[in-house]
Amino acid sequence: MAKKDFYETLGIDKSADEREIKKAYKRLAMKFHPDRNPGDKKAEAKFKDIKEAYEILTDSNKRAAYDQYGHSAFERVNMGGGNTTDFSDIFGDVFGDIFGNSRRQQRSSRGSDLRYNLELTLEEVVLGVTKEIYIPTLVACKLCRGSGTKIGTKPQTCNTCHGSGQIQMRQGFFTVQQSCPTCHGSGSIIKNPCNICHGHGRIEKSKTLSVKIPGGVDTGDRIRLSGEGEAGKNGAQAGDLYVQISVKKHSIFEREDNNLYCEVPINFAMAALGGEIEVPTLNGRVKLKIPYETQTGKLFRVRGRGVKSVRNGVVGDLLCRIVVETPVNLNEIQKQLLSQLEKSFGGPTGERNSPRSKRFFDGVKKFFEDLTK
Ligand SMILES: [Zn+2]
Ligand SMILES: [Zn+2]
């Protein structure tokens, strides 16, 4: 079943800013929240969709990925399966500032997102490629499984905050929540730290990942690898890894959207008489017919020899720009032939053979005559 567009789900415009997204979410969440619709499975499903759309669209990285790749950007997240929604957590973002939500602290122990800059050649981009990348990162400690405690021991509940990770302070009329200074918000104290990670639950390590790059990506595109960022603190969720694509300059082709451009120099005899040449494409050569009297700068389109779009599968064209090359290193015979040819033109502004030159010099002449009138 096709998944509904996140913007549609929230009933907002694609250009909606964060404030508008929050507003739409608040309104819909109030209506479909399971607490308000006990036992109503439809409302629950709807609420999950709203929550998901909200979470993606308020995270600028995720939103950018969604705008580019649609739902496929988040496939790995959805495939996680059995992803039970914790309803009490839902209001953490929007209503947290109003009610004061202790869960926000836990959220922030999620691992950091990482960015990896990957440079590709145009050939790799066109065909798609699988790349091995090495990233230095923090991974969960294998010995203690991220808990940071020595095997057989458990972290002790913090005496200051009694495990909540937060303490309440009174300031005039208000009660203000603060992160517990003893346990730094974790709610527990590690008395017997793990020998490997010294209680951090994470260790520095390089990891190798094999990343499949779909054909057609371009400079500025990002590929998100869910959960491949830094490990979270104390076994919390890992961050994501964003692979930022840039494409190297190619010696022959220049890319613009899904079209490729190349300059094809031909000599002026062929430009005048016409002929057939071979032009390169990224998958072999193709024949290109040059009609007679082809002028420099003329563009010829070879359909379907551009780049296949990563978004909609549309294949671009190859555009060949003809450049007429002035002959160099002429021998005596060639020089004589050209000089004979020039005489036959009737000089540089010969009306019949060089109409453009003729028009230009006539225009110049008129310009000076008007000036001296
Ligand atoms: Zn504490
Ligand atoms: Zn450890």
Side-chain angles (χ1 to χ4, degrees), residues 55 59 76-77 80-116 132-211 224-242:
E55 282 176 348
D59 179 321
R76 292 190 53 176
V77 174
N83 186 3
T84 46
T85 312
D86 176 0
F87 288 120
S88 56
D89 191 22
I90 286 156
F91 289 118
D93 290 335
V94 180
F95 302 104
D97 8 331
I98 306 170
F99 300 122
N101 193 325
S102 62
R103 282 173 187 273
R104 254 194 301 169
Q105 201 58 46
Q106 279 177 21
R107 238 169 212 279
S108 65
S109 60
R110 177 183 178 272
S112 305
D113 290 339
L114 296 177
R115 190 172 102 153
Y116 184 92
E132 299 249 291
I133 61 173
Y134 306 90
I135 35 172
T137 183
L138 291 170
V139 297
C141 173
K142 281 220 171 78
L143 186 65
C144 63
R145 295 190 181 162
S147 71
T149 54
K150 204 172 236 162
I151 300 174
T153 68
K154 276 189 176 161
Q156 293 177 358
T157 305
C158 172
N159 284 331
T160 311
C161 61
H162 308 291
S164 73
Q166 303 219 320
I167 51 163
Q168 301 207 336
M169 304 249 297
R170 210 162 238 297
Q171 283 183 359
F173 290 113
F174 301 102
T175 307
V176 182
Q177 286 212 14
Q178 275 192 346
S179 191
C180 170
T182 310
C183 64
H184 306 290
S186 69
S188 55
I189 303 268
I190 294 170
K191 283 262 163 68
N192 302 295
C194 161
N195 290 338
I196 301 287
C197 64
H198 309 293
H200 297 295
R202 306 184 291 179
I203 48 173
E204 277 181 30
K205 206 179 169 186
S206 291
K207 62 177 174 180
T208 308
L209 284 175
S210 188
V211 186
R224 173 176 171 267
L225 299 175
S226 170
E228 298 290 1
E230 260 180 33
K233 279 183 198 152
N234 307 112
Q237 197 192 358
D240 299 332
L241 172 68
Y242 288 90

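Remember, it's 1-based here, ligands and their atoms both numbered in the order they're listed.
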Hey, does Pro181 have a side-chain heavy atom less than 4.5 Å from the side chain of Ile167?
yes
Any pair counted as side-chain hydrogen bond (donor to acceptor under 3.5 Å, both in side chains), so long as it reaches residues 136-148, sequence neighbours left out:
Ser147-Thr149
Looking at every non-hydrogen atom in both residues, tell me the closest pair between Cys141 and Ile203 and how far apart they are.
CA-CG1, 4.4 Å
Heavy-atom count around Asp59 CG within 6.0 Å, excluding the residue itself: above 12?
yes
Looking at Leu241, is its backbone amide N or carbonyl O close enough to the side chain of Asp113 to form a donor-acceptor pair, meaning the two atoms are under 3.5 Å apart?
no
Just to verify, what does Glu204 make a side chain to side chain donor-acceptor pair (under 3.5 Å) with, not counting sequence neighbours?
none
So which protein N/O/S atoms does the Zn ion (ligand 2) have within less than 2.8 Å?
Cys141 SG, Cys144 SG, Cys194 SG, Cys197 SG
Tell me, with the steps shown, if Gln156 and Asn192 meet side-chain contact (heavy atoms from CB on, under 4.5 Å).
CA-CA 10 Å; Gln156 293 177 358; Asn192 302 295; 5.8 Å; no
Minimal heavy-atom distance between Ala238 and Gly229, with the atoms involved, is CB-O, 4.4 Å
From Cys144 SG over to Lys150 NZ, what is the distance, rounded to the nearest 0.5 angstrom?
12.0 Å
Using a distance threshold of 2.8 Å, what protein N/O/S atoms lie below it relative to the Zn ion (ligand 1)?
Cys158 SG, Cys161 SG, Cys180 SG, Cys183 SG
